[in-house]
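Throughout, residue positions are numbered sequentially from 1 according to the sequence presented.
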Amino acid sequence: PTIEAFNLMGLDYNGVGNHEFDEGVDELLRMQSGGCHPVDGCQDGDPFAGSFFQYLAANVFYALTSKTILPAYEIKQVGNTKIAFIGLTLEGPPLIVTPAGVAGLEFRDEGWLRFFRTGRDQPHDLPRTAKTPSPSIRVVNPANRRRRSTSCGTSRPLVSRFGVPV
């Protein structure tokens, strides 16, 4: 029900948290893409469409690789400003999620984001023109109830500063 509610709100991006790993990365990817649960099936008879928003995970990697399980960030044009939305997960899920839920994954230090806040550095593939507000923002566009798009948030002053109505 949560994903369907986020879909109805028009959520665009969501950084993964510990609960997204309760049933493992394959289940998280199913929640992103849709389909019936591998054990429970489609309980209400309707196939699950998946999230209309993009999950982001900048610091969750397949173990011993440099590949994130989901896109690290998305860039959204808001007015004349490009804003990077970065999905950061705390390093704690391996301590609080069942071992099977995080098997084969590495939760790397989220502290590298401090460089964004000072403007001294950015990940090698993030355009230098992108602004990088707080990673806690969730962006929703009330007019966009059926497809990915823009904004609302837990950080009203920051979002308002970029001209996004909330």
Closest non-hydrogen atom pair between [X] and [Y], with its separation:
X: Arg108; Y: Ser66; answer: NH1-CA, 4.5 Å
X: Gly41; Y: Cys36; answer: C-CB, 3.7 Å
X: Ala57; Y: Val16; answer: CB-CG2, 3.8 Å
X: Val97; Y: Asn18; answer: CG2-O, 3.5 Å
X: Glu27; Y: Arg30; answer: OE2-NH2, 2.6 Å
X: Val39; Y: His37; answer: N-ND1, 3.0 Å

*Side-chain heavy atoms under 4.5 angstrom apart, residues restricted to Ile, Leu, Val, Met, Phe, Trp, Tyr: same cluster for Leu90 and Val102?*
no
*Within the distance-only criterion (no hydrogens, no angle test), does the side chain of Asn59 pair as donor or acceptor with the backbone N or O of Leu88 below 3.5 angstrom?*
no
*Keeping the roles fixed (side chain from Glu91, backbone from Pro93), state whether a donor-acceptor pair exists under 3.5 Å.*
no
Interatomic spacing from [atom1] in [X] to [atom2] in [Y] - rounded to 0.5 Å:
X: Leu70; Y: Leu29; atom1: CG; atom2: CG; value: 5.5 Å
X: Asn14; Y: Met31; atom1: CG; atom2: CE; value: 11.5 Å
X: Tyr62; Y: Leu105; atom1: OH; atom2: CG; value: 7.5 Å
X: Tyr13; Y: Ile86; atom1: OH; atom2: CD1; value: 12.5 Å
X: Phe52; Y: Ile3; atom1: CZ; atom2: CD1; value: 11.0 Å
X: Leu28; Y: Asp22; atom1: CG; atom2: CG; value: 10.5 Å

_Any Gln54 side-chain heavy atom under 4.5 Å of Phe85 side chain_ = no
*Check the surroundings of atom CG in Asp44: do more than 12 heavy atoms from other residues, nucleotides or ligands lie under 6.0 Å from it?*
yes
*Look at atom CG of Leu95 and say whether more than 12 heavy atoms of other residues, nucleotides or ligands are closer to it than 6.0 Å.*
yes
*Worked check of side chain to side chain contact (heavy atoms under 4.5 Å, CB included) between Leu64 and Glu106*: CA-CA 8 Å; Leu64 306 174; Glu106 291 178 12; 3.7 Å; yes
_Test of understanding: with ring-ring contact (aromatic ring centres under 6.0 Å, His included), list the residues that count as partners of Tyr55, not counting sequence neighbours._
Phe53
*asked:* Taking ring-ring contact (aromatic ring centres under 6.0 Å, His included) as the definition, give me every residue that meets it alongside Phe107, ordered by chain and number, with sequence neighbours left out.
replied: Phe21
